[in-house]
Amino acid sequence: MYEFVLTLLAKSKANLGPPASPSTAADLPFPTELVFATDAQVQGFIKDTEARFDMLVSAHDFYIQHYEGYVKSLIKTHGISPDIWAQLTKQLAFHKMQCRLGITYESAQTRKFSRGCTKVIRSTSAKAKAVVEGMHTTPAPHGAAAQCTSDLFHKTAEHHMRYAGCVADARGVDRRLFAKA
């Protein structure tokens, strides 16, 4: 979407109103600071919230491990888009933690349409569920079972890619329909 807006601005096709001049907005009052009056009860709520936030943050550890062996070019050797790979591995990680699929989506631009908009690519599907359940078995699949899981992963990736194409053509599930349901 930002590319669309920047292109409009670069081509001077966006109506931004009259150009800036000394008389532009001369009739508007000068902005004034909003000062909020809070009593002891509100101050107590603020302190309590700050303390709970600090406890929440301190309950988490964050470590970064720099690893360059798992790169886009390696993923592409398997014939799968790195983006689709990332979406399906997020599903696997969530499933391992929660024993269910996560409700995830990524935005897709519909650039080919006038004034494009974003639509939603949903990586949660029956195929994704079959993949993560197949990979979540103990012990890990070997031999024919591993090949079956790999084939299913590729089929799911192909399904995701076709669905992403439909979304880019504005034939996907729209977020607003879920908000109205």
Side-chain angles (χ1 to χ4, degrees), residues 1-17 56 60-181:
M1 184 59 97
Y2 72 91
E3 290 174 355
F4 171 75
V5 172
L6 291 176
T7 301
L8 282 181
L9 292 172
K11 294 180 179 180
S12 299
K13 292 192 174 193
N15 181 359
L16 302 175
L56 179 66
H60 294 83
D61 290 328
F62 184 72
Y63 299 98
I64 297 175
Q65 180 178 356
H66 186 75
Y67 178 68
E68 293 186 11
Y70 194 66
V71 293
K72 176 172 59 172
S73 58
L74 172 68
I75 294 169
K76 285 184 174 183
T77 63
H78 295 281
I80 296 177
S81 155
D83 182 58
I84 294 169
W85 183 286
Q87 291 298 322
L88 292 174
T89 54
K90 283 184 212 175
Q91 288 288 356
L92 177 61
F94 188 88
H95 190 274
K96 284 190 171 207
M97 292 173 59
Q98 303 294 328
C99 296
R100 65 179 177 85
L101 285 182
I103 306 301
T104 61
Y105 70 90
E106 59 182 310
S107 63
Q109 288 188 347
T110 54
R111 291 182 213 177
K112 58 181 87 172
F113 299 102
S114 174
R115 303 188 199 270
C117 61
T118 60
K119 297 289 182 183
V120 174
I121 302 170
R122 300 193 181 276
S123 60
T124 305
S125 67
K127 291 183 184 306
K129 182 179 182 194
V131 167
V132 298
E133 287 176 347
M135 296 178 95
H136 196 160
T137 58
T138 306
H142 290 81
Q147 184 61 45
C148 182
T149 302
S150 175
D151 292 346
L152 187 57
F153 191 91
H154 277 83
K155 286 179 184 173
T156 303
E158 289 169 12
H159 169 77
H160 186 86
M161 192 165 56
R162 280 193 309 274
Y163 183 64
C166 288
V167 170
D169 289 336
R171 294 182 289 133
V173 176
D174 194 289
R175 293 174 280 213
R176 289 171 289 211
L177 296 176
F178 284 105
K180 292 179 180 180

Problem set entry | Nearest non-hydrogen partners of Gln91 and Leu101, listed with the distance |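 Of all heavy-atom pairs spanning Gln91 and Leu101, the closest is OE1-CD2, 3.3 Å.
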
Exercise. So which heavy atom on Pro82 is nearest to which on Ile75, and how close?
Worked result: CA-CG2, 3.9 Å

So how far is it from [X] [atom1] to [Y] [atom2], rounded to the nearest 0.5 Å?
{"X": "Thr124", "Y": "Gln87", "atom1": "OG1", "atom2": "CD", "answer": "9.0 Å"}
{"X": "Lys127", "Y": "Glu158", "atom1": "NZ", "atom2": "CD", "answer": "9.5 Å"}
{"X": "Arg100", "Y": "Glu133", "atom1": "CZ", "atom2": "CD", "answer": "13.0 Å"}
{"X": "Ile84", "Y": "Tyr163", "atom1": "CD1", "atom2": "OH", "answer": "13.0 Å"}
{"X": "Lys129", "Y": "His95", "atom1": "NZ", "atom2": "NE2", "answer": "7.0 Å"}
{"X": "Lys72", "Y": "Ser81", "atom1": "NZ", "atom2": "OG", "answer": "10.0 Å"}

Exercise. Any donor and acceptor pair, going by atom type alone, linking the side chain of His78 with main-chain N or O of His154 inside 3.5 Å?
Worked result: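 Checking the backbone N and O of His154 against the side chain of His78, no donor-acceptor pair under 3.5 Å is found.
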
For this session: Indicate yes or no: at least one non-hydrogen side-chain atom of His160 is less than 4.5 angstrom from one of Ile121.
Result: yes

Problem set entry | Val131 and Leu88: CA distance, side-chain angles, deciding distance, side chain to side chain contact (heavy atoms under 4.5 Å, CB included) verdict | CA-CA 8 Å; Val131 167; Leu88 292 174; 5.6 Å; no

